[in-house]
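All values below come from the heavy atoms of this structure, side chains included, with hydrogens, waters and symmetry mates left out.
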Amino acid sequence: MSSTELPHVLAATAAPKPGVVSGTEGERTETVALPGLTLSVRSRPGAVPGLPPALYVHGLGGSSRNWSALMPLLTDAVDGEALDLPGFGDSPPPDDGDYSVTGHARAVIRLLDARGRGPVHLVANSLGGAISTRVAAVRPDLVRTLTLVSPALPELRVQRTAVPTGLLALPGVAALFTRLTKDWTPEQRVRGVMELCYGDPAKVSPEAFAVAVREMERRLAHPYFWDAMARTARGIVNAYTLGGQHGLWRQAERVLAPTLLVYGGRDQLVSYRMARRAAAAFRDSRLLTLPEAGHVAMMEEPGAVAAAIRELLADTRELSDPREVRDGVGVTDDRREPGTKDRREPGTRS
């Protein structure tokens with residue numbers, strides 16, 4: 001990779017992931033204060049009282065807004081909340097400065113314990129997938145089902161486009177990158193993010209692009225943004241090197257909750273080829289592959305992801321009718337990868 005390529009790819013990796021919708025109408029936000037930790041929580045209540053709770057966990061550089069396309073499609077199935085991880089979105093840094101995967105997992109656990117919402121349907125993307133895998137392994141009492149969209153689990157052969165995330169973890173790289181890109185506009189940064197994270201960036205509407213630019217401007221104004229990015233990236237790298245019972249793949253094998261895995265065929269950050277290994281690792285798993293999606297399928301193809309989650313809830317008796325799919329949106333083609341353990345592909349109809 002040349003020196004001219006590095007800043008462009010780093011920008012796409014390190015900057016906040018833009019949401020497809022603004023994430024305001026029908027949502028409300030609140031601040032949850034815990035000892036040494038303050039978390040911003042975005043909620044979209046269920047359509048009727050008594051629906052099972054769900055918690056959505058974003059990825060590196062993201063925020064709770066990353067779920068604003070998916071959450072409305074599941075309001076008649078779950079009572080949804082999405083958190084901003086410490087140091088991201090509207091959540092300030094943790095007092096102890098712990099941005100490790102374990103530190104973020106501890107924040108999720110503390111939130112669930114404090115609010116008494118567990119067990120929840122835990123839905124996560126990328127880094128959030130690694131965090132939620134750890135949560136489900138160490139606190140099975142808190143997780144009803146687990147949905148992982150492009151989970152950031154260790155790979156032996158990392159894709160070239162994912163290398164800058166690891167570089168960001170090196171001391172001094174974030175400061176160097178800040179100097180190299182000080183003249184970049186928010187529009188340039190957002191465009192770089194979309195080119196890396198979306199299977200087809202051309203599908204993003206001008207309105208959604210404008211929302212993403214405003215979010216970028218707001219996020220970059222936080223004085224701790226790059227520090228949180230660098231320390232969290234370092235936490236991912238460290239988690240990838242752990243072996244034994246603390247290794248993420250070993251913890252995936254310990255997860256008891258029924259698990260839905262979602263992989264995009266055009267994902268430039270988490271390799272599509274990891275889908276089979278993940279399906280084999282999680283003991284009660286099903287796999288949804290979306291050939292045209294990139295790294296953020298819940299924003300690119302929210303209808304397909306929602307349909308698959310509905311199937312998961314139906315099969316675990318959390319949804320009364322497995323044929324219920326909001327607004328008729330569903331996946332009707334067979335997308336099962338050979339070697340998966342599910343009896344029926346999520347989204348198909350019998």
> About how many Å separate CH2 of Trp226 and CG of Leu220, when rounded to the nearest 0.5 Å?
Replying inline: 7.0 Å
> When the ring planes of Phe88 and His104 are compared, do they come out parallel, tilted or perpendicular, using 30° and 60° as the limits?
Replying inline: tilted
>> Within the structure provided, determine whether Val149 and Tyr263 are in side-chain contact (heavy-atom separation under 4.5 Å).
In response: no
>> Within the 4.5 Å heavy-atom criterion, are Val48 and Asp76 side-chain neighbours or not?
In response: no
> After noting the C-alpha distance and the side-chain angles of Val262 and Leu148, does the key distance pass the side-chain contact (heavy atoms from CB on, under 4.5 Å) rule?
Replying inline: CA-CA 6 Å; Val262 182; Leu148 305 177; over 6 Å; no
> With sequence neighbours excluded, what pairs up with Ala54 under the side chain to side chain contact (heavy atoms under 4.5 Å, CB included) test?
Replying inline: Tyr56, Val78, His121
> Has the side chain of Glu155 got a donor or acceptor atom that lies under 3.5 Å from a matching backbone atom of Ser271?
Replying inline: yes
> About how many Å separate OH of Tyr198 and NZ of Lys203, when rounded to the nearest 0.5 Å?
Replying inline: 12.0 Å
>> One pair to check against side-chain hydrogen bond (donor to acceptor under 3.5 Å, both in side chains): Thr29 and Arg42. What are the steps and the verdict?
In response: CA-CA 4 Å; Thr29 59; Arg42 180 181 304 274; 5.9 Å; no
> Out of curiosity, Met299 CE to Ser68 OG, how far, rounded to the nearest 0.5 Å?
Replying inline: 9.5 Å
>> For Arg134 and Thr102: C-alpha separation, side-chain torsions, deciding distance, then whether side-chain hydrogen bond (donor to acceptor under 3.5 Å, both in side chains) applies.
In response: CA-CA 7 Å; Arg134 185 150 291 174; Thr102 297; 2.8 Å; yes
> Is there a donor-acceptor pair closer than 3.5 Å between any side-chain N or O of Thr232 and the backbone N or O of Met229?
Replying inline: no
> Under 3.5 Å, is there a donor-acceptor pair between the side chain of Asn125 and the main chain of Gly128?
Replying inline: no
>> Side-chain heavy atoms under 4.5 Å apart, restricted to Ile/Leu/Val/Met/Phe/Trp/Tyr: what other residues fall into the cluster of Leu256, or is it alone?
In response: none
> What's the spacing between Leu70 CG and Ile309 CD1 if we round to 0.5 Å?
Replying inline: 5.0 Å
> Are side-chain heavy atoms of Leu312 and Arg310 found at a separation under 4.5 Å?
Replying inline: no
> Thinking salt bridges, do Arg218 and Glu215 make one under a 4.0 Å N-O criterion?
Replying inline: yes
> Can you tell me if Ser63 and Arg65 form a side-chain donor-acceptor pair at under 3.5 Å?
Replying inline: no
> Side chain of Ser91, backbone of Gly87: donor and acceptor closer than 3.5 Å?
Replying inline: no
> Do the side chain of Thr147 and the main chain of Leu260 share a donor and acceptor less than 3.5 angstrom apart?
Replying inline: no
> Got a donor-acceptor contact below 3.5 angstrom from the Glu195 side chain to the Gly192 backbone?
Replying inline: no
> Any side-chain donor paired with an acceptor under 3.5 Å for His295 and Ser126?
Replying inline: yes
>> For the residue pair Ser43 / Arg28, report whether a side-chain donor-acceptor contact shorter than 3.5 Å exists.
In response: yes
> Would you call Asn66 and Met298 a side-chain contact if the rule is heavy atoms closer than 4.5 Å?
Replying inline: yes
> Is a side-chain N or O of Trp249 found less than 3.5 angstrom from the main chain of Pro154, in a donor-acceptor match?
Replying inline: yes
> Is the closest basic N to carboxylate O distance between Asp79 and Arg44 below 4.0 Å?
Replying inline: no
> Quick one: CZ on Arg266 to CD on Glu300, what's the gap to the nearest 0.5 Å?
Replying inline: 9.5 Å
> Quick one: does Gln251's side chain get under 4.5 Å of Leu248's, heavy atoms only?
Replying inline: yes
